[in-house]
Amino acid sequence: MEPFTQSVVEIIKEIPEGKVMTYGQIASQAGNRRGARQVARFLHTLSTKYELPWHRVINSKGEISLSDFESSNLQKLLLESEGVKFTRSNTIDLNEFQYHKYDTFNDFDLI
DNA sequence: CACATGACGAGGG
DNA sequence: ACCCTCGCCATGT
């Protein structure tokens, strides 16, 4: 398997419950900042093959990016079932739910 | 080889 | 917030 694809698999596997990552974010972290579409295509075709938490991947606007109602609704339910909240406009607040592997502490909680 | 197609993303009006 | 355009790039026809 291609190294890029391999990294993508590993990165997605590491997304914790209740958190999400964007296609572009995953692509960057896997070493190709312009590979968002490849990440998407990979999930579209091979998500069943690797036991991945595919539902924790959304687009950069915080939207579920599936056209088919059945599957997009499933994705929403899976996310809600693990604590991810949707706004009134059916989007996810990335500030709250996006997973950053290398997050740094800030002072907000200490004030 | 030329062209169309996306589970994308950034930028501008 | 919405819509459009453009850049991107592996795959498919």
Side-chain angles (χ1 to χ4, degrees):
Chain A
M1 178 185 280
E2 231 180 302
F4 174 70
T5 314
Q6 184 59 46
S7 305
V8 168
V9 170
E10 285 164 14
I11 290 165
I12 295 178
K13 278 186 175 173
E14 286 180 23
I15 309 175
E17 226 183 280
K19 288 289 184 179
V20 298
M21 284 182 79
T22 70
Y23 301 95
Q25 185 192 2
I26 291 166
S28 298
Q29 194 168 313
N32 179 3
R33 60 191 189 92
R34 298 179 277 200
R37 301 191 93 130
Q38 282 81 287
V39 172
R41 189 173 41 75
F42 168 77
L43 285 177
H44 182 67
T45 58
L46 302 165
S47 53
T48 53
K49 252 179 94 175
Y50 295 92
E51 301 281 341
L52 296 177
W54 58 271
H55 58 285
R56 300 185 188 140
V57 184
I58 63 177
N59 70 26
S60 66
K61 299 182 244 176
E63 299 166 330
I64 284 175
S65 198
L66 292 147
S67 43
D68 173 51
F69 176 78
E70 284 269 324
S71 20
S72 63
N73 198 50
L74 170 62
Q75 179 169 9
K76 181 177 181 184
L77 293 177
L78 286 169
L79 286 171
E80 284 176 329
S81 80
E82 51 186 56
V84 175
K85 306 267 182 61
F86 282 75
T87 67
R88 196 172 351 183
S89 49
N90 222 32
T91 68
I92 296 166
D93 181 4
L94 292 178
N95 285 323
E96 185 173 357
F97 295 107
Q98 182 170 24
Y99 175 57
H100 302 285
K101 186 173 184 182
Y102 302 110
D103 221 349
T104 56
F105 284 92
N106 59 46
D107 302 5
F108 291 127
D109 299 330
L110 304 176
I111 299 175

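Here the structure is a predicted model, which means the values were calculated and not measured. Every chain is numbered from 1, with letters handed out A, B, ... down the list of sequences.
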Spell out, as yes or no, whether a donor-acceptor pair under 3.5 Å connects the side chain of [X] to the backbone of [Y].
X: N59(A); Y: G62(A); answer: yes
X: T91(A); Y: T87(A); answer: no
X: Q6(A); Y: P3(A); answer: no
X: K85(A); Y: D93(A); answer: no
X: Q75(A); Y: H55(A); answer: yes

d([atom1], [X]; [atom2], [N]) in whole Å:
X: W54(A); N: dC8(B); atom1: CH2; atom2: C1'; value: 18 Å
X: K61(A); N: dC8(B); atom1: NZ; atom2: P; value: 9 Å
X: H44(A); N: dT5(B); atom1: NE2; atom2: P; value: 15 Å
X: I12(A); N: dA7(B); atom1: CD1; atom2: P; value: 15 Å
X: I15(A); N: dA7(B); atom1: CD1; atom2: P; value: 18 Å
X: E63(A); N: dA1(C); atom1: CD; atom2: P; value: 10 Å
X: F42(A); N: dT5(B); atom1: CZ; atom2: C1'; value: 20 Å

Side chain to side chain contact (heavy atoms under 4.5 Å, CB included) with S71(A): which residues, sequence neighbours excluded?
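Applying side chain to side chain contact (heavy atoms under 4.5 Å, CB included) to S71(A) gives L66(A), D68(A).
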
Hey, can you pull the residues of residues 70-89 of chain A with a non-hydrogen atom under 4.0 angstrom from DNA chain C?
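By residue number: none to list.
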
Start with the C-alpha gap between I15(A) and M21(A), add the side-chain angles, then the distance that decides, and say whether side-chain contact (heavy atoms from CB on, under 4.5 Å) holds.
CA-CA 7 Å; I15(A) 309 175; M21(A) 284 182 79; 3.6 Å; yes

DNA chain B contacts among residues 21-29 of chain A, heavy-atom distance under 4.0 Å:
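Only T22(A), Y23(A), G24(A) qualify.
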
If you take all heavy atoms of Y23(A) and S65(A), which pair is closest and at what distance?
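Taking every non-hydrogen atom into account, OH-CB, 3.8 Å.
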
Measuring to OP1 and OP2 of dG9(B), would you say a side-chain N or O of S60(A) lies under 4.0 angstrom away?
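Yes, within the criterion.
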
Are K13(A) and Y50(A) in a cation-pi contact, defined as NZ or CZ under 6.0 Å from the six-membered ring centre and within 45° of the axis?
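No.
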
Can you name the side chain to side chain donor-acceptor pair (under 3.5 Å) partners of E17(A), sequence neighbours left out?
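Scan of E17(A) (side chain to side chain donor-acceptor pair (under 3.5 Å), adjacent residues dropped) gives none.
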
Quick tally for nucleotides 6-13 of chain C: nucleotides whose base has a protein heavy atom under 4.0 Å get B, sugar-phosphate-only ones S, the rest -, giving -BBSSS--

Salt bridge (charged side-chain N to carboxylate O under 4.0 Å, His left out) against E82(A), all qualifying residues, sequence neighbours excluded
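E82(A) satisfies salt bridge (charged side-chain N to carboxylate O under 4.0 Å, His left out) with R56(A) only.
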
